[in-house]
Amino acid sequence: MANDKSKRPYSSLVVDGNEKAAARSMLYAVGFTEEDFGKSQVGIASTWSNLTPCNTHINELADAAGMGADESGGKAVTFNTITVSDGISMGSPGMRYSLVSREVIADSIETVVCAEGFDGFVAIGGCDKNMPGCAIAMARINRPSVFVYGGTIQPGKDRRDIISVFEAVGQHAAGKISDIELKDVESTSIPGPGSCGGMYTANTMASAIEALGLSLPNSSAQEAISDNKRADSYAAGEAVVRLIQQDIKPSDILSMKSFENAITVVIALEGSTNAVLHLLAIAHAAGIPLTIDDFSRIGARVPVLADMRPAGQYSMSELIEIGGIQPLMKILLSEGLLHGDCLTVTGKTLAENLEDVKPYPADQKVIRPMDNPVKKDSHLVVLRGNIATEGAVAKITGHEGLQFKGTAKCFHGEEAALKAILAGLIVAGDVLVIRYEGPRGGPGMREMLSPTSAINGRGLSDSVALITDGRFSGGSHGFVIGHVTPEAFDGGTIALIEDGDTITIDAEAKSIDVHIENAELEQRRSAWTQPAPYATRGTLAKYAKLVSSASEGAVTDK
């Protein structure tokens, strides 16, 4: 590979020739040798930080990826980008920055990779937003690249995880557990590094990215602290050097078919509603015309097979024990539900990757058989009606029922709703309407995990619905509908609902409506005024000006 400019299409522009002596001089100071200038340069985009357990170990994985690239004939250069913790910022003003961070991460990876002239890169993500942020960057930059998932956390005491803590807050408010019991849950649910341990957003997106073909087989189903995860990281460094040699780029991998594969896997795993938002954004970066209606089209024929948290019983570690998602993908392929001809970062097709995958153990309970699914079609339901003329996304697992009719109780923002729930002001038959939490109005489209967990903790998940122009954590469950568009800040109908209005949600008819006359609705619309923006300067203000609708993935480069 040495001195072959065809394998160094970008780095050669930075380091070759007498006129680039200054650049070489600076690189000597960071460890380059004379020989390194003739090698393909491989960026290692690390999202390491010690502000969240999801990412606190990623520096070690970055080192392994760099070693894999170096020992395969490349020259690895490691750099960092940011992460924020959804779990820590949840329910606070800081959560407004969560979805914003996805764009910052994608932008920062693009900035470094393109400024420094890397010929390819490995991107390593662990928490919810840095994973799609990495994938958006891969699609947008379109240089040989591989994604590595940082891996899932091990279960805590009594199989607890972060959702156990959020729900314990609701149980405590309802008088079901004591201060001491709450403290025990708080202190024993997060035993070490890794992403939240159910089929929440991190594990959902890891699985989706693997199904897209952007990570190595089984990267999504490894514990954060494991030999397998370190080996996966090393192999990613090796793989990106091969991709550079073969000139295989994300544009060779990403297609409508590969996104259909990702959606199929997300549905089969009963994955997070955030997958809708993030896959739309990744597709936008790749120039693939994916829409929210594609989720309905695919969902009509794909069953939910995984009995996993939050709605089900099992953790990601238990899925890992039986073989991860590869055997599931082989089942889906054999049923004609996946496109086996899609290329992946192995340089092989999806079908070729699955050829030697062994089936799940006969006695496992995590993944249901095709003839006995958790739900016969998708749990991700796109709803439309006078509340959501541009669509809303429901997570209907079947445990909650398929229809809900109730009375609106409206709240401007998450904090007001949570206060009412914890105070016992929400009762059976209520439809909580939490608004001004959309991409522009929040801004940042906060996740409503605190309210949904409080509802569950108080034992109301079967008798209360929640609709919002915000979104939900992958850990949310119950009769919940998010991504309502147009959002309240843009004058969407959700802004016009009043306490006492009757709301009907029908997952089978895929409808969501408030039962008031059109004339009354228009009268309210004419009387409505847009509230003052939450921020007028800085990151949030800039995001609010640029961001698109949730139905388009909440992207900032339309």
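Starting from 1, each residue takes its place in the sequence as its number.
Enclosure of atom NZ in Lys176 by more than 12 non-hydrogen atoms of other residues, nucleotides or ligands within 6.0 angstrom is indicated.
At least one side-chain heavy atom of Leu466 sits under 4.5 Å from a side-chain heavy atom of Pro451. Annotation: side chain of Leu212 is in contact with side chain of Ser258 (closest heavy-atom distance under 4.5 Å). Side-chain contact check for Cys127 versus Val84: every heavy-atom pair is 4.5 Å or farther apart. Annotation: side chain of Leu338 is in contact with side chain of Val265 (closest heavy-atom distance under 4.5 Å).
The only option from Ile481, Ile387, Asp513, Asp430 that meets the side-chain contact (heavy atoms from CB on, under 4.5 Å) definition with Ile503 turns out to be Ile387. Here the rule is side-chain hydrogen bond (donor to acceptor under 3.5 Å, both in side chains) with Ser317, and of Arg159, Gln154, Glu223 only Glu223 fits it.
Remark: the Glu321 side chain and the Gln364 side chain contain no N/O donor-acceptor pair separated by less than 3.5 Å. Under 3.5 Å, the side chains of Asp128 and His278 contain no donor-acceptor pair of N or O atoms. In the model, Ser272 has no side-chain atom that pairs as donor or acceptor with a side-chain atom of Thr204 under 3.5 Å. Under the 3.5 Å distance criterion, with hydrogens and angles disregarded, a donor-acceptor pair is assigned to the side chains of Tyr149 and Asn203. Side-chain contact of Asp179 with His172: a donor-acceptor pair under 3.5 Å is present, judged by distance alone. Side-chain contact of Thr468 with Glu437: a donor-acceptor pair under 3.5 Å is absent, judged by distance alone. No hydrogens or angles considered: nothing links the side chains of Thr493 and Asn386 as a donor-acceptor pair under 3.5 Å.
The aromatic rings of Phe404 and Phe479 sit tilted relative to each other, their planes meeting at an angle between 30° and 60°.
Sequence neighbours left out, the pairs with a member in residues 379-394 that pass salt bridge (Lys or Arg N to Asp or Glu O under 4.0 Å) are Asp293-Arg384.
Side chain of Glu318 to main chain of Ser315: a donor-acceptor pair is present (N/O by atom type, distance under 3.5 Å, no hydrogens or angles).
Residues Val185 and Ala168 share a closest heavy-atom pair of CG1-CB, 4.0 Å.
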Audit row: Thr273, Arg471, side chain to side chain donor-acceptor pair (under 3.5 Å) steps and yes/no: CA-CA 8 Å; Thr273 54; Arg471 58 196 175 89; over 6 Å; no
